[in-house]
Student: 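Below is the structure I would like to discuss, written out as structure tokens.
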Amino acid sequence: MKQNVSYKDSKTILNKGTGFLSGYSHSLNPYTGCSFGCSYCYVRQMPVSLFHHEEWGDWIDIKKNAASLLAKELHKAKTKGKVTIFMSSSTDPYQPIEYREKITRSLLEVMVEDSPDFLLVQTRSPLVCRDIDLLQRLHNHVRVSMTIETDLETIRKQFTPQAPPIQARLQAVEKASSCRHTHSSSNCPCITEQRMLSIQITAYCQ
């Protein structure tokens, strides 16, 4: 699927954590839009999607000034108190465009030099393994969470046809585990039998 890609200067990069993210001080989104375009994604019903003239999943805005903005805003935020970041709340930081643009990697480079108190990286992409070198340098200040909502490819193809295969995600969990990197898996929304999925994920974490 071809996406409409735009490059934009963002006015801000760290947003206050609210709602279900109120446990974090900030959210961080390297991109606006997400090419995975999952059918159940809650962002479809948010203004960023509803007021856009294209279907959710068909467009991506690249925040080309993201790294420089984060350097400034992170430093300022840390002077005001504890900084805990959820990356990302309305996009996947490791969607396919990240292979080329490396916006997410540039943000990690900033955080390696000026670490937040905690960073949660939420993704469904094995591309996160590319950045294990940077994630390890954040030590116990980071956790990677891999979304695995089903163990059945037939189900995955029905609800999230543009997302990476389940087996590739499980292998990414295994790789992160072998590197002794702090990680977890997110089974939400769970669209298969929970017990069997949990058993399969656990096997890859041994």
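These numbers come from the heavy atoms of this one structure, side chains and all, not from hydrogens, waters or symmetry mates.
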Student: State, without any angle test, whether Ser35 and Gln162 hold a side-chain donor-acceptor pair at a distance under 3.5 Å.
Tutor: no
Student: Considering only NZ, NE, NH1 and NH2 on the basic side and carboxylate oxygens on the acidic side, decide whether Arg169 and Glu149 come within less than 4.0 Å.
Tutor: yes
Student: Does a side-chain N-to-carboxylate-O contact under 4.0 Å join Asp114 and Lys72?
Tutor: no
Student: For Lys82, is there an ion pair with Asp117 - N to carboxylate O distance below 4.0 angstrom?
Tutor: no
Student: Going from OG on Ser89 to CD on Gln122, what distance comes out if it is rounded to the nearest 0.5 angstrom?
Tutor: 11.0 Å
Student: Could you walk me through whether His26 and Glu73 pass side-chain contact (heavy atoms from CB on, under 4.5 Å), step by step?
Tutor: CA-CA 11 Å; His26 298 84; Glu73 294 183 15; over 6 Å; no
Student: Below 30° counts as parallel, above 60° as perpendicular, anything between as tilted: where do the rings of Trp59 and His52 land?
Tutor: parallel
Student: Quick one: which of Glu101, Lys63, Met87 gives a side chain to side chain contact (heavy atoms under 4.5 Å, CB included) with Pro30?
Tutor: Met87
Student: Let me see the working for Cys34 and Trp56 under side-chain contact (heavy atoms from CB on, under 4.5 Å), right down to the final yes or no.
Tutor: CA-CA 7 Å; Cys34 182; Trp56 179 253; 3.8 Å; yes
Student: If we ignore hydrogens and angles and just use 3.5 Å, is the side chain of Asp92 paired with the main-chain N or O of Thr123 as donor and acceptor?
Tutor: no
Student: If you count every heavy atom of other residues, nucleotides or ligands that lies below 6.0 Å from Arg44 atom CZ, does the total exceed 12?
Tutor: yes
Student: At their closest point, which heavy atom of Val43 faces which heavy atom of Ser90, and how far apart are they?
Tutor: CG2-CA, 3.7 Å
Student: Main chain of Pro93, side chain of Thr104: is a donor-acceptor contact present, judged purely on distance under 3.5 Å?
Tutor: yes
Student: Could you check Thr32, Thr91, Val5 and say which one makes a side chain to side chain contact (heavy atoms under 4.5 Å, CB included) with Asp61?
Tutor: Thr32
Student: Before you tell me yes or no, could you show the steps for Arg137 and Leu108 under side-chain contact (heavy atoms from CB on, under 4.5 Å), namely the whole-Å CA-CA distance, both residues' side-chain angles and the distance that decides it to 0.1 Å?
Tutor: CA-CA 10 Å; Arg137 291 174 63 186; Leu108 289 177; over 6 Å; no
Student: Using modelled atom types only, decide if a donor and an acceptor are shared between the side chain of Ser115 and the backbone of Val112 within a distance under 3.5 Å.
Tutor: no
Student: Among side-chain atoms of Ser125 and Gln95, is any donor-acceptor pair under 3.5 angstrom?
Tutor: no
Student: Just how far is it from atom CG of Leu135 to atom CG of Leu119, taken to the nearest 0.5 Å?
Tutor: 7.5 Å
Student: Determine whether Asp133 and Arg105 satisfy the following criterion, salt bridge (charged side-chain N to carboxylate O under 4.0 Å, His left out), listing intermediate values before the conclusion.
Tutor: CA-CA 10 Å; Asp133 60 323; Arg105 184 171 177 85; 2.8 Å; yes
Student: Tell me whether the rings of Phe86 and Phe20 are parallel (<30°), tilted (30 to 60°) or perpendicular (>60°).
Tutor: perpendicular
Student: Using a strict threshold of under 4.0 Å (side-chain N to carboxylate O), is an ion pair present between Glu153 and Arg156?
Tutor: yes
Student: Pick out which of Leu74, Leu14, Thr84 makes a side chain to side chain contact (heavy atoms under 4.5 Å, CB included) with Pro116.
Tutor: Leu74
Student: Kindly say whether Asn4 contributes a backbone atom to a donor-acceptor pair with the side chain of Glu54 at under 3.5 angstrom?
Tutor: no
